[in-house]
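Scope of the values below: all heavy atoms of this structure, side chains included, with no hydrogens, waters or symmetry mates. First the proteins, then the strands, lettered A, B, ... as listed; each starts at 1.
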Number of protein chains: 2
Amino acid sequence: MKNKEIQEERMRGYFIEATKEILKGEGLRCISVRNIAERAGYSYATLYNYFGDSKELIYECVKDFQDECGESVKIDTANVSPGKKRLKLICKSYVKYFVQYTGIFELFFLEKISDLASKQPTVELIRTFIDRLCEDDWNHLISKKVITKRQAEQLKDQLRLTITGLLLFYINQRYPQSYEEFNKHLDEQLKLILNF
Amino acid sequence: MKNKEIQEERMRGYFIEATKEILKGEGLRCISVRNIAERAGYSYATLYNYFGDSKELIYECVKDFQDECGESVKIDTANVSPGKKRLKLICKSYVKYFVQYTGIFELFFLEKISDLASKQPTVELIRTFIDRLCEDDWNHLISKKVITKRQAEQLKDQLRLTITGLLLFYINQRYPQSYEEFNKHLDEQLKLILNF
DNA sequence: CTAATATAATTAACACTGTTAATAAAATCA
DNA sequence: TGATTTTATTAACAGTGTTAATTATATTAG
């Protein structure tokens, strides 16, 4: 009875790995059931023995990508102690990850989800991700009485909305046109929000 | 020679009208070439005699929707003189329009555009729309020396990013869950940005 | 170790999608 | 009216997600 579970989980892993590869490489618009299955080395119908539908599969990747992004942020902010400065660094590293893998941004924020109810936990994971990345820093600022809890909540909202907006316009509408300009805009917005 | 142009423009109008109806009614995911053509009373292939592809057609609707939204904003802000107060009212009316017609929000901000180059003018029209709606108010505040030109530019950016972000999370991820909560969030953000 | 059964993987099929080529209908003009 | 040009339609292709029927592979019982 245990072997079965191991094998089943392994099969799921093959499809998930294939999906992640396509998402990071070719991007979200190259994702298709047949495409994924081919890369995983199975027929397209086999996929339905392990996942209810294609959306369920691609949302399985969210957690992994968040872990990877988290690692990337950790590297970019190593040896910097919690506080305003690190907060900015985290945001910039977070943004950098999605600019590098625009397909993952599309999966996180642009993909229209059918049967949203079943994906609500994942959607929540996505929305609160940036907050979790900055958790220590917010707590630090609150404990040092630089800001209040209430202010922290407002700033979290502002940061999340602004950063998502920036990425949306840059990735989906090529505005600004250059990465340099984009980074300038990002810096400006971070300064506006975070120079308390 | 003139008749031909008139007839051609009329045909285009039929398809555009059908597209607008579907977008406002069923939404963006119900848009399809066959669907549009059927509502327009023609075969799906006929559409290609008047539009290069389906994307070209649906982007033709942007201008009309902006006009309609502009009218709606005008009504909601009638008899209010330019300034901080009206700025907020415009933003709230703008948001209200997209909440009512979520398909139009998806068209404006979420639709991934193939051949972005040819749609760059439309994309620009979309991005600058909220700025144009608030134009008189920004000019008023600048001329009254409440804010500088530089500040106005920053605030425009902040407003555009935040509002788009709010709508993105509400429409695409159902956060917040209720319209009341959403409006509370909107009010908070507008207050944070605009109480100069 | 073979035979029956249960499980897993595959192919075929359906209903869609956008788009193009070939065909049918309609309008224009000599 | 008859030939030509323009316009609209159907047929077809290559895709999409998904399900049912079929084949192949394990597993278990005798």
Check nucleotides 14-21 of chain C for protein N or O atoms closer than 3.5 Å to its own N or O atoms and list the pairs.
unit_1: C:dT17; atom_1: OP1; unit_2: B:S32; atom_2: OG; d: 3.1
unit_1: C:dG18; atom_1: OP1; unit_2: B:V33; atom_2: N; d: 3.1
unit_1: C:dG18; atom_1: OP2; unit_2: B:V33; atom_2: N; d: 2.8
unit_1: C:dG18; atom_1: N7; unit_2: B:R34; atom_2: NH1; d: 2.7
unit_1: C:dG18; atom_1: O6; unit_2: B:R34; atom_2: NH2; d: 3.1
unit_1: C:dT19; atom_1: OP2; unit_2: B:Y48; atom_2: OH; d: 2.8
unit_1: C:dT19; atom_1: OP2; unit_2: B:S54; atom_2: N; d: 3.1
unit_1: C:dT19; atom_1: OP2; unit_2: B:S54; atom_2: OG; d: 3.3
unit_1: C:dT19; atom_1: O5'; unit_2: B:Y48; atom_2: OH; d: 3.3
unit_1: C:dT19; atom_1: O4; unit_2: B:R34; atom_2: NH2; d: 3.2

*Between residues 104-122 of chain B and DNA chain D, which residues have a heavy-atom gap below 4.0 Å?*
none
*How is B:F51 classified with respect to the nucleic acid when contacts are heavy atoms under 4.0 Å: base, sugar-phosphate, or nothing?*
nothing
*Between the two ends of the helix from C:dC1-D:dG30 to C:dA30-D:dT1, what is the bend in degrees, rounded to 10 degrees, where each end axis spans five pairs?*
30°
*State yes or no: are the ring centers of A:F108 and A:F98 separated by less than 6.0 Å?*
yes
_Residues forming a side-chain contact (heavy atoms from CB on, under 4.5 Å) with A:S178, sequence neighbours excluded_ = A:E180, A:E181
Listed pairs under 3.5 Å, donor-acceptor, residues 159-167 of chain A side chains, sequence neighbours left out:
unit_1: A:R160; atom_1: NH2; unit_2: A:D157; atom_2: OD1; d: 2.4
unit_1: A:T162; atom_1: OG1; unit_2: A:Q158; atom_2: O; d: 2.7
unit_1: A:T164; atom_1: OG1; unit_2: A:R160; atom_2: O; d: 2.6

*asked:* Using the side chain to side chain donor-acceptor pair (under 3.5 Å) criterion, which residues pair with B:N79? Sequence neighbours excluded.
replied: none
*Who are the side-chain contact (heavy atoms from CB on, under 4.5 Å) partners of A:D76, not counting sequence neighbours?*
A:S72, A:S93, A:K96
*Residues in side chain to side chain donor-acceptor pair (under 3.5 Å) contact with B:D137, at least two apart in sequence or another chain*: B:R86
_Just to verify, what does B:Q173 make a side chain to side chain donor-acceptor pair (under 3.5 Å) with, not counting sequence neighbours?_
none
*What pairs with B:R29 under side chain to side chain donor-acceptor pair (under 3.5 Å), at least two apart in sequence or on another chain?*
B:E106
*How many Å lie between CD1 on A:I36 and P on D:dT18, as a whole number?*
10 Å
Show me the donor-acceptor pairs, under 3.5 Å and distance only, between side chains in residues 11-20 of chain A and residues at least two apart or in other chains.
unit_1: A:R12; atom_1: NH1; unit_2: A:Y50; atom_2: O; d: 2.7
unit_1: A:R12; atom_1: NH2; unit_2: A:E60; atom_2: OE2; d: 2.7
unit_1: A:T19; atom_1: OG1; unit_2: A:F15; atom_2: O; d: 2.7
unit_1: A:K20; atom_1: NZ; unit_2: A:D64; atom_2: OD2; d: 2.9

Quiz: residues 118-127 of chain B side-chain donor-acceptor pairs under 3.5 angstrom, not counting sequence neighbours:
unit_1: B:S118; atom_1: OG; unit_2: B:D115; atom_2: O; d: 3.2
unit_1: B:S118; atom_1: OG; unit_2: B:D115; atom_2: OD2; d: 2.9
unit_1: B:K119; atom_1: NZ; unit_2: B:S114; atom_2: O; d: 3.4

_Presence of B:T46 side-chain N/O under 4.0 Å of D:dT9 phosphate oxygens OP1/OP2_ = yes
